[in-house]
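Report on the structure given below.
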Amino acid sequence: MQQQQQAMEEDGVKEEEEEYYLEEEDEGEEETRPPLQQQQQQVGLGRRGRAREEKERTKLRERQRRAITARILAGLRRHGNYNLRVRADINEVIAALAREAGWVVLPDGTTFPSSSSSVSQPPPTQQQLQPGRPSIAAPPLPSSPAPPLRGISISPVAARPISSLRSSSSIRIISPPHALPDPLLSLPSMDPQEVPDLLPPRPPERDFAGTPYVPVYVMLPLGVVNGNGEVVDADVLVGQLRVLKAAGVDGVMVDCWWGNVEAHRPQEYNWTGYKRLFHMIRELKLKLQVVMSFHECGGNVGDDVSIPLPHWVTEIGRSNPDIYFTDRAGRRNTECLSWGIDKERVLQGRTGVEVYFDYMRSFRVEFDEYFEDGIISEIEIGLGACGELRYPSYPAKHGWKYPGIGEFQCYDRYLQKSLRRAAEARGHTIWARAPDSAGHYNSEPNLTGFFSDGGDYDSYYGRFFLNWYSQVLVDHADRVLMLARLAFEGSDIAVKVSGVHWWYKTASHAAELTAGFYNPCNRDGYASIAAVLKKHGAALNFTCVELRTMDQHEVFPEAFADPEGLVWQVLNAAWDAGIPVASENALPCYDRDGFNKILENAKPLNDPDGRHLLGFTYLRLTKVLFERANFLEFERFVKRMHGEAVLDLQV
C-alpha cells in the first residue's frame, strides 16, 4: 500500500476525488484533536504515545484506501465512462463493477452472483470494453438520499422511495468475476463461495413466448406542445421516437390540452402544434392515442410543466368560483370544472358538457385524415382530475400527503343544490349536508367518526350520501361519454380510472370514498362504472398495475394499501361487464420486477377465458428511460408484451 501511495505521488495524480479526500483529512486532523491530547503528547506519556502511533497508522491506512479509491474513480471515468459521483465511496465502486460483471446488486447494497453467471462464462469482448460507451446509471429518485449508481434500478413502489445503500460495514468487498487485470481496477479477490446467502435470488420468471400480442404505447412529455403551438425540441423528439420504433413500441400517447387549444376565446381552437406533432408521428409509422385533457397540468405527481385551464374560463371563475370543486373549508380547486355545472349555462352561454362536446367535435374535424388512415387508434376522454374519472379529493396544493384519506369535494353551490334535491326526494331534508366527522386531507380512517370501523359511512345517512356522491361521478361519465360517442363515431374511446389503493385493507376504503368510488368492503364500487362504460362502448384504462402489495407494506405499513387486490377487483369488474381493459403504470418504472408485475397483470396466468389487456401505456418518455440499462429492460419488456421469446429468461 505504501508503494502504491508513493507511486501515485511520483506520478503527480491530481484527480479531484484524491484532492478532496486528502484535503478533508488534513483539515480535519487539527480541528478534531482535543487540547488535552496535545498536552499529553508533549509530555510524552507512554500509553498515550502508543495510542497516538496506532491512530496515525490507522489514518495512514485510511488515506491510502481513499487514494486508491480516487485512482479507481478516475480510471472508471476516463476509460469506462461510469457515472460515479465525485465523492463516491468504495461501496458504490464495487456495486458498479459487480453489476457490470453480471452480478446481482440489490438496492440495499447486497452483492452476490446471479444464477446466470458461471465460471465458464467467457470474458467480455474488446467491443464490450470500448471506451465512450453510454452511461447506464439508474434514475435518481428526487427524495432519496442515495446517490445514483451505475446499473442499479430501484422500483418506485410508493409516493416516497425506499432508502438505499447500507453503511460501509454492511457490504463485503468482492471482486467481480472475469475482471480483466488492470492496475486502475485492481481489487483484492475473494472466493464467491465465501459470500453469505443473505437474500434469496430473483424469483423465476414466466415465459410469455407465444402469449397474446399486447400493444405498448409510450406517453410523450406533458409539455411536448407549448402554449404557442410549437413542438418543443422537435429534432430530439424525432430521434427518441425512432429509437422507440426500433424497440418495437407500437405508438405514443399525446395530451391535447384544453388550456392550450382554446386558450383565449370560446370556440377559437389552435391545433397548429398538434398538427406538426401528429405529422412527425405518422412519418415514423407509429400509432396515436390522444387524450382530451380538460384539466390543468401542474401540481400533481409527475407534472413538470404548468398548463392552466383556458384564460376565458379562469376569468369566469374569478366572478363565479363555484364552477370549481370546493372542499369543506371553502378552498377552490382550479384543476378542473365541477360536475355540478354539466347542465348549467355558466360558461358564456354554454354548459359544461357543451363546451367539452364542441372541443371534441373540432378535434375530430381537424384531424379527420388521421382517423381515416387509422393513425389515431384511440381517444381517451378526460373526465376529472388528472384526466381520470374521480373527484380531486387528494390535491397536493391543499396540503394532502400520502397516505391521507382526502376530503369530499361537494361544497360548491351547484353540487350542494343537487344534494338538497336528492335529500328532499328521499324525504329527509336533514340529510342535505356532507359528513361532519370525515376528518381532513391527511386523517387516518380510524381517527374519524365517519370512516372508522362501524362509523357513519355504513349508517342510513352515510349510505344515502355516498350513493349520491358516487352517482354524481357516474352521471358525469354518462353525459360526457354520450357526446364523445357522437363526436368520435366509429372510433375507439376509453376512460382512465385512478388506482386509489391506500386504505384498501380497511373496512371503509376511505380514500376511495372521497375520490367518488363507493367501494367499501361490503360493496363493489366499480361495477357501476364498468356498466356506464359498457353502455357507451368505452374501454377502461386502469393505473398502478406495476405496484406490489408487499412493497407498499414495507414502505408504508400504516397505509393498509393493497394495489394488487384493487387491480384484481377492477380488471375483473370490467371483464365481467364485457368491456376491454387497458392499463398504465402509476409511477416511473425501470426495473425488471416492476415490468414483470405489469406482465402478470396484462396476461393473467391460467385465466379460463384467456383474458388479457387490450394495451399498455408506459409512463413516460424521459431521458432516464434512454439510459442504457433502463432501455434494455424496457426493450425486453416490450418483446414479452408482444409474446416474443427473450434469451435471458430467469428460470
Side-chain angles (χ1 to χ4, degrees), residues 158-159 325 327-329 384-385 388-395 398-411 415 419 422-423 426 428 430-474 497-530 542-544 547 549 552-553 556-570 572-573 586:
F325 284 106
D327 63 15
R328 186 179 180 185
E388 301 168 335
L389 179 59
R390 67 170 177 87
Y391 288 87
S393 58
Y394 45 95
H398 291 165
W400 174 85
K401 295 181 180 179
Y402 183 87
I405 60 175
E407 290 189 17
F408 292 113
Q409 304 289 314
C410 58
Y411 291 89
L415 287 181
L419 178 58
R426 181 70 182 269
H428 299 283
I430 194 174
W431 287 354
R433 58 178 176 82
D436 298 323
S437 57
H440 53 78
Y441 285 111
N442 295 312
S443 295
E444 297 182 9
N446 289 331
L447 300 181
T448 70
F450 190 79
F451 298 115
S452 60
D453 293 348
D456 292 339
Y457 80 93
D458 204 26
S459 66
Y460 287 110
Y461 157 72
R463 291 196 295 271
F464 158 78
F465 173 79
L466 292 173
N467 265 308
W468 167 82
Y469 190 73
S470 61
Q471 191 61 43
V472 170
L473 176 147
V474 173
V497 177
S498 58
V500 184
H501 55 81
W502 51 104
W503 306 114
Y504 187 84
K505 287 196 171 183
T506 60
S508 61
H509 293 216
E512 291 173 89
L513 297 185
T514 59
F517 308 127
Y518 190 8
N519 190 53
C521 62
N522 58 352
R523 187 180 189 275
D524 185 358
Y526 297 96
S528 58
I529 295 174
F542 196 63
T543 63
C544 79
L547 301 184
T549 298
Q552 295 294 315
H553 288 180
F556 281 101
E558 70 275 15
F560 291 93
D562 188 6
E564 294 180 24
L566 177 62
V567 169
W568 184 91
Q569 179 187 356
V570 174
N572 280 277

When rounded to the nearest 0.5 Å, the distance separating OG1 of T549 from OH of Y504 is 9.5 Å
Is there a donor-acceptor contact under 3.5 Å from the side chain of W502 to the main chain of G404?
yes
At their closest point, which heavy atom of G406 faces which heavy atom of T514, and how far apart are they?
O-CG2, 3.8 Å
Can a cation-pi geometry be assigned to R433 and Y461, taking NZ or CZ under 6.0 Å from the six-membered ring centre and within 45° of the ring axis?
yes
With a 3.5 Å distance limit and no angle check, can you tell me whether N442 reaches the backbone of K401 through a side-chain donor-acceptor pair?
yes
Less than 4.5 Å apart, any side-chain heavy atom of I529 and any of L473?
yes
A side-chain contact here means heavy atoms from C-beta on lying under 4.5 Å apart; do E512 and Y526 qualify?
yes
Tell me if a side-chain donor or acceptor on R328 pairs with a main-chain N or O of D436 at a distance below 3.5 Å.
yes
For the pair F465 and F408, name the ring-plane relationship: parallel under 30°, tilted 30 to 60°, perpendicular over 60°.
perpendicular
Examine distances only and state if a side-chain atom of T543 and a backbone atom of G499 form a donor-acceptor pair shorter than 3.5 Å.
yes
How long is the gap from CG on L566 to CZ on F517, to the nearest 0.5 Å?
9.0 Å
Within 45° of the ring axis of Y460 and under 6.0 Å from its six-membered ring centre, is that where the NZ or CZ of R463 lies?
yes
Indicate, with yes or no, if the rings of Y518 and Y469 have centres closer together than 6.0 Å.
no
For S498 and F542, the nearest pair of non-hydrogen atoms, with its separation, is O-CE1, 3.4 Å
Do E564 and V567 have side chains that get closer than 4.5 Å, going by heavy atoms?
no
Value rounded to 0.5 Å, distance of CG in L415 from OH in Y391:
6.0 Å
Decide yes or no for D456 and S437: does some side-chain heavy atom of the first lie under 4.5 Å from some side-chain heavy atom of the second?
yes
Side-chain heavy-atom pair N522, D458 within 4.5 angstrom cut-off:
yes
Answer yes or no: is there a side-chain heavy-atom contact under 4.5 Å between L419 and F464?
yes
Main chain of Y441, side chain of E407: is a donor-acceptor contact present, judged purely on distance under 3.5 Å?
yes
Over all atoms of both residues, closest heavy-atom pair of N467 and R523:
OD1-NH2, 3.5 Å
Would you call W468 and C410 a side-chain contact if the rule is heavy atoms closer than 4.5 Å?
yes
